[in-house]
Amino acid sequence: QVRLVESGGGSVQAGGSLRLSCAASGRLSYGPCMGWFRQVPGKEREGIAAVQTIAHITRHAPTFKDRFSASHDNATNTLYLQMNTMKSEDTAMYYCAAGICDAGWSKPDPKAYTDWGQGTQVTVSS
């Protein structure tokens with residue numbers, strides 16, 4: 001059973017930075033792709049970035065590529081999201097997920113991911 005635990009969320013002022021972590025444990029039988037997503041109440045879950053952990057390929061959604069950066073540590077199987085120059089509209093619950101690198105993994109499309117963490121709240125004050 002896969003377990004994904006996010007951490008690093010909290011409150012930050014606009015213009016500041018945060019680094020989220022996602023520790024993966026258990027048997028990642030569903031494949032080596034991991035991704036970051038966020039969601040605000042009443043809106044669909046939004047893909048931020050994805051990593052193909054075996055080939056070390058990272059993809060960022062165009063909206064985020066200038067300010068956010070995802071990375072993965074193979075030794076600890078931890079996924080990171082560095083968020084810089086944060087804005088109030090970045091306020092959301094942030095989730096990491098794992099999947100089989102199916103179609104849509106690199107967008108990333110939430111439908112391509114099968115295992116999800118519980119999320120970590122990020123609040124950006126202006």
Side-chain angles (χ1 to χ4, degrees):
Q1 185 174 357
V2 176
R3 184 166 183 247
L4 302 170
V5 180
E6 301 96 335
S7 62
S11 297
V12 63
Q13 288 193 330
S17 299
L18 274 179
R19 188 191 195 204
L20 305 183
S21 300
C22 173
S25 60
R27 188 167 67 93
L28 291 176
S29 59
Y30 291 106
C33 276
M34 297 181 72
W36 282 106
F37 301 82
R38 72 182 188 185
Q39 189 169 24
V40 297
K43 293 190 176 182
E44 293 185 353
R45 193 161 293 187
E46 183 178 26
I48 300 170
V51 176
Q52 211 287 11
T53 60
I54 292 181
H56 306 291
I57 298 171
T58 303
R59 294 286 183 266
H60 296 82
T63 305
F64 301 100
K65 64 178 182 178
D66 290 336
R67 299 187 296 120
F68 292 9
S69 178
S71 61
H72 179 261
D73 184 337
N74 279 348
T76 60
N77 205 9
T78 302
L79 184 70
Y80 297 99
L81 182 67
Q82 178 67 43
M83 303 185 291
N84 300 321
T85 320
M86 298 189 72
K87 306 174 182 179
S88 57
E89 49 264 44
D90 294 324
T91 295
M93 185 71 80
Y94 284 71
Y95 299 90
C96 75
I100 61 170
C101 303
D102 206 347
W105 76 267
S106 64
K107 292 185 178 181
D109 185 342
K111 298 182 181 67
Y113 291 79
T114 51
D115 296 280
W116 292 84
Q118 81 290 349
T120 185
Q121 177 67 38
V122 172
T123 302
V124 184
S125 57
S126 57

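In this structure, Arg59 and Val51 have side chains that are not in contact, with every pair of non-hydrogen atoms separated by 4.5 Å or more. Looking at Trp116 and Leu4, their side chains never come closer than 4.5 Å, going by heavy atoms from C-beta outward. The side-chain heavy atoms of Val124 and Glu89, taken from C-beta on, include no pair separated by under 4.5 Å. Residues Ser88 and Ser125 form no side-chain contact, since every pair of their non-hydrogen atoms from C-beta on lies 4.5 Å or further apart. In this structure, Val122 and Thr91 have side chains that are not in contact, with every pair of non-hydrogen atoms separated by 4.5 Å or more.
Of all non-hydrogen atoms in Thr78 and Ser21, the two that sit nearest each other are CG2-CB, 4.3 Å. The heavy-atom pair separating Ala92 from Gln39 by the smallest distance is CB-O, 3.5 Å. Taking all atoms of both residues into account, the shortest heavy-atom contact from Tyr95 to Gly117 is CD2-O, 3.6 Å.
The stretch residues 48-72 participates, sequence neighbours left out, in these ring-ring contact (aromatic ring centres under 6.0 Å, His included) pairs: Phe64-Phe68.
Under 4.0 Å is where a charged nitrogen must lie from a carboxylate oxygen, and between Arg38 and Asp90 at least one such pair does.
Side-chain N or O atoms of Glu6 include one that pairs as donor or acceptor with a backbone N or O of Gln118 at under 3.5 Å. Without hydrogens or angle criteria, Gln52 side chain to Ala55 main chain gives a donor-acceptor distance under 3.5 Å.
Note: Phe37 and Tyr113 have perpendicular aromatic rings, judged against thresholds of 30 and 60 degrees for the angle between ring planes.
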N/O donor to acceptor pairs below 3.5 angstrom from side-chain atoms of residues 102-110, sequence neighbours left out:
{"from": "Asp109", "atom 1": "OD1", "to": "Lys111", "atom 2": "N", "distance (Å)": "2.9"}

Using residues 79-86 as the side-chain source, report each donor-acceptor pair under 3.5 Å to any protein atom, sequence neighbours left out, with the distance given to one decimal.
{"from": "Gln82", "atom 1": "NE2", "to": "Asn84", "atom 2": "OD1", "distance (Å)": "2.9"}
{"from": "Asn84", "atom 1": "OD1", "to": "Ser17", "atom 2": "OG", "distance (Å)": "3.0"}

Would Val12 and Thr123 count as a side chain to side chain contact (heavy atoms under 4.5 Å, CB included) if you check the C-alpha gap in whole Å, the side-chain angles of each, and the deciding distance to 0.1 Å? CA-CA 6 Å; Val12 63; Thr123 302; over 6 Å; no
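Once rounded to the nearest 0.5 Å, the distance linking CD1 of Ile54 with SG of Cys33 reads 8.5 Å. Annotation: the span from Asp66 atom CG to Ser69 atom OG amounts to 11.5 Å, rounded to 0.5 Å.
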